[in-house]
*Asks:* 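Let me begin by handing over the structure; questions about it come next.
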Amino acid sequence: QVQLVESGGGLVQTGGSLRLSCAASGRTFSWYAMGWFRQAPGKEREFVAGITYDGGKLAYADSVKGRFTISRDNAKNTVYLHMNSLKPEDTAVYYCAADPSKPGFVSRSSNEYDYWGQGTQVTVSS
């Protein structure tokens, strides 16, 4: 089992940047594919970005491609989401999640992820 704790959210102006971090407990973090999802008020949770266990494969939602970058540091048990050129429509609670079943594959479905953090709020003002 793994526990995930997100940090780095906050209030930023349009065009600004933030870096989210997701710290994982447990020695098996490096075996898991990881994903970032977000949920805005009144909307369903959506896939943002994902990374395989070794960082060899990355995937992004079309809405963030070219602006967001996912990375991981297995030595620190941490996955990051670097967010640039933020827009008001990026406002949401951001969650990191771990998929232990398919370490070499990035799933875009939240149903495939077994472990979730508590979320961190990102608010982009116009």
Side-chain angles (χ1 to χ4, degrees):
Q1 186 150 354
V2 62
Q3 292 184 325
L4 305 172
V5 179
E6 301 96 336
S7 62
L11 174 64
V12 64
Q13 292 185 335
T14 296
S17 299
L18 283 174
R19 187 185 77 165
L20 305 184
S21 300
C22 173
S25 64
R27 292 173 289 179
T28 56
F29 169 79
S30 61
W31 300 352
Y32 298 162
M34 298 295 295
W36 283 98
F37 290 77
R38 66 187 181 187
Q39 188 166 18
K43 295 187 176 181
E44 293 186 352
R45 189 170 297 189
E46 64 174 358
F47 173 82
V48 175
I51 187 168
T52 52
Y53 76 105
D54 60 353
K57 296 179 183 178
L58 310 177
Y60 297 95
D62 288 344
S63 59
V64 307
K65 200 172 294 183
R67 300 188 297 123
F68 291 11
T69 302
I70 188 171
S71 63
R72 68 189 297 161
D73 186 337
N74 285 343
K76 295 182 178 180
N77 277 14
T78 302
V79 62
Y80 303 98
L81 185 67
H82 303 258
M83 305 186 296
N84 297 319
S85 302
L86 283 161
K87 306 174 181 180
E89 50 264 45
D90 294 319
T91 295
V93 177
Y94 283 71
Y95 301 89
C96 71
D99 175 6
S101 62
K102 301 175 295 299
F105 179 78
V106 176
S107 176
R108 296 172 181 261
S109 170
S110 60
N111 293 331
E112 299 299 319
Y113 291 81
D114 292 345
Y115 305 109
W116 292 83
Q118 83 290 348
T120 185
Q121 176 70 47
V122 171
T123 302
V124 184
S125 63
S126 57

*Asks:* Where the side chain of T52 meets the backbone of K57, is there a donor-acceptor pair that is under 3.5 Å apart?
*Replies:*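 Side chain of T52 to backbone of K57, a donor-acceptor pair under 3.5 Å: yes, one is there.
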*Asks:* Is any side-chain heavy atom of Y95 less than 4.5 Å from a side-chain heavy atom of L4?
*Replies:*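 The answer is no; the side chains never approach within 4.5 Å.
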*Asks:* Should the heavy atoms of other residues, nucleotides or ligands under 6.0 Å from OH of Y60 be counted, would the total exceed 12?
*Replies:*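 Yes, because the 6.0 Å sphere around OH of Y60 holds more than 12 heavy atoms from other groups.
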*Asks:* Inspect the surroundings of NZ in K102 and state if more than 12 heavy atoms from other residues, nucleotides or ligands are less than 6.0 Å away.
*Replies:*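 Yes - once you tally the heavy atoms of other residues, nucleotides and ligands closer than 6.0 Å, there are more than 12.
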*Asks:* Does the distance from a Lys or Arg side-chain N to an Asp or Glu carboxylate O, for K87 and D90, drop under 4.0 Å?
*Replies:*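 D90 and K87: not salt-bridged.
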*Asks:* Rounded to the nearest 0.5 Å, what separates atom OG in S126 from atom CD in E89?
*Replies:*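 Answer for the OG-CD pair, S126 versus E89, is 10.0 Å.
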*Asks:* Using the test side-chain contact (heavy atoms from CB on, under 4.5 Å), find all partners of Q118 that sit at least two apart in sequence or belong to another chain.
*Replies:*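 side-chain contact (heavy atoms from CB on, under 4.5 Å) list for Q118, sorted by chain: V5, E6.
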*Asks:* Is there a continuous path of hydrophobic side-chain contacts, each under 4.5 Å between heavy atoms, that joins Y80 to F68?
*Replies:*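 As far as the 4.5 Å side-chain criterion goes, F68 and Y80 are not connected within one cluster.
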*Asks:* Given I51, which partner from the list T69, L81, I70 fulfils the side chain to side chain contact (heavy atoms under 4.5 Å, CB included) test?
*Replies:*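 The residue from T69, L81, I70 that satisfies side chain to side chain contact (heavy atoms under 4.5 Å, CB included) with I51 turns out to be I70.
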*Asks:* Testing the basics here: between V79 and W36, what is the closest heavy-atom pair and its distance to 0.1 Å?
*Replies:*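 Closest approach of V79 to W36: O-CZ2, 3.8 Å.
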*Asks:* Is R72 positioned over the aromatic face of Y32, cation under 6.0 angstrom from the ring centre and no more than 45 degrees off axis?
*Replies:*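 No, R72 does not sit over the ring of Y32.
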*Asks:* Looking only at side chains, do S101 and D99 share a donor and an acceptor under 3.5 Å apart?
*Replies:*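 Yes, a side-chain donor-acceptor pair sits under 3.5 Å.
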*Asks:* Counting C-beta onward and ignoring hydrogens, is there a side-chain heavy-atom pair between R45 and W116 closer than 4.5 Å?
*Replies:*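 A side-chain contact under 4.5 Å exists here.
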*Asks:* Can you tell me how far apart CZ (F47) and OG (S109) are? Round to the nearest 0.5 Å.
*Replies:*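 If we round to the nearest 0.5 Å, F47:CZ and S109:OG are 10.5 Å apart.
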*Asks:* Can I get a per-line list of side-chain donor-acceptor pairs under 3.5 Å for residues 8-26, giving both atom names and the distance, sequence neighbours left out?
*Replies:*
| residue | atom | partner | partner atom | Å |
| --- | --- | --- | --- | --- |
| T14 | OG1 | S125 | O | 2.7 |
| S17 | OG | N84 | OD1 | 2.9 |
| S25 | OG | Q3 | N | 3.0 |

*Asks:* Cluster question for you: counting only ILVMFWY and a side-chain heavy-atom cut-off of under 4.5 Å, with indirect links fine, are Y113 and Y53 together?
*Replies:*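 No, because Y113 and Y53 fall into different hydrophobic clusters, even though each may have its own neighbours under 4.5 Å.
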*Asks:* Hey, could you give me the CD/OG distance between Q39 and S110, rounded to the nearest 0.5 Å?
*Replies:*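 Here the interatomic distance stands at 9.0 Å.
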*Asks:* Testing the basics here: between A92 and R38, what is the closest heavy-atom pair and its distance to 0.1 Å?
*Replies:*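 Closest pair (atom of A92, atom of R38, distance): CB-CB, 3.8 Å.
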*Asks:* Is the closest side-chain heavy-atom distance between M83 and Y94 below 4.5 Å?
*Replies:*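 Yes, at least one pair of side-chain atoms sits under 4.5 Å.
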*Asks:* Taking D54 for its side chain and P103 for its backbone only, find out whether a donor-acceptor pair lies under 3.5 Å.
*Replies:*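 No, because the side chain of D54 does not come within donor-acceptor range (under 3.5 Å) of the backbone of P103.
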*Asks:* Does one hydrophobic cluster hold both F105 and V2, with members joined at side-chain heavy-atom distances below 4.5 Å?
*Replies:*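 No, F105 does not connect to V2 through the hydrophobic network.
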*Asks:* For the pair R67 (side chain) and S85 (backbone), establish whether a donor and an acceptor sit closer than 3.5 Å, ignoring hydrogens and angles.
*Replies:*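 Side chain of R67 to backbone of S85: a pair is present.
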*Asks:* Out of curiosity, F37 CZ to E46 CD, how far, rounded to the nearest 0.5 Å?
*Replies:*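 With rounding to 0.5 Å, CZ (F37) is 10.0 Å from CD (E46).
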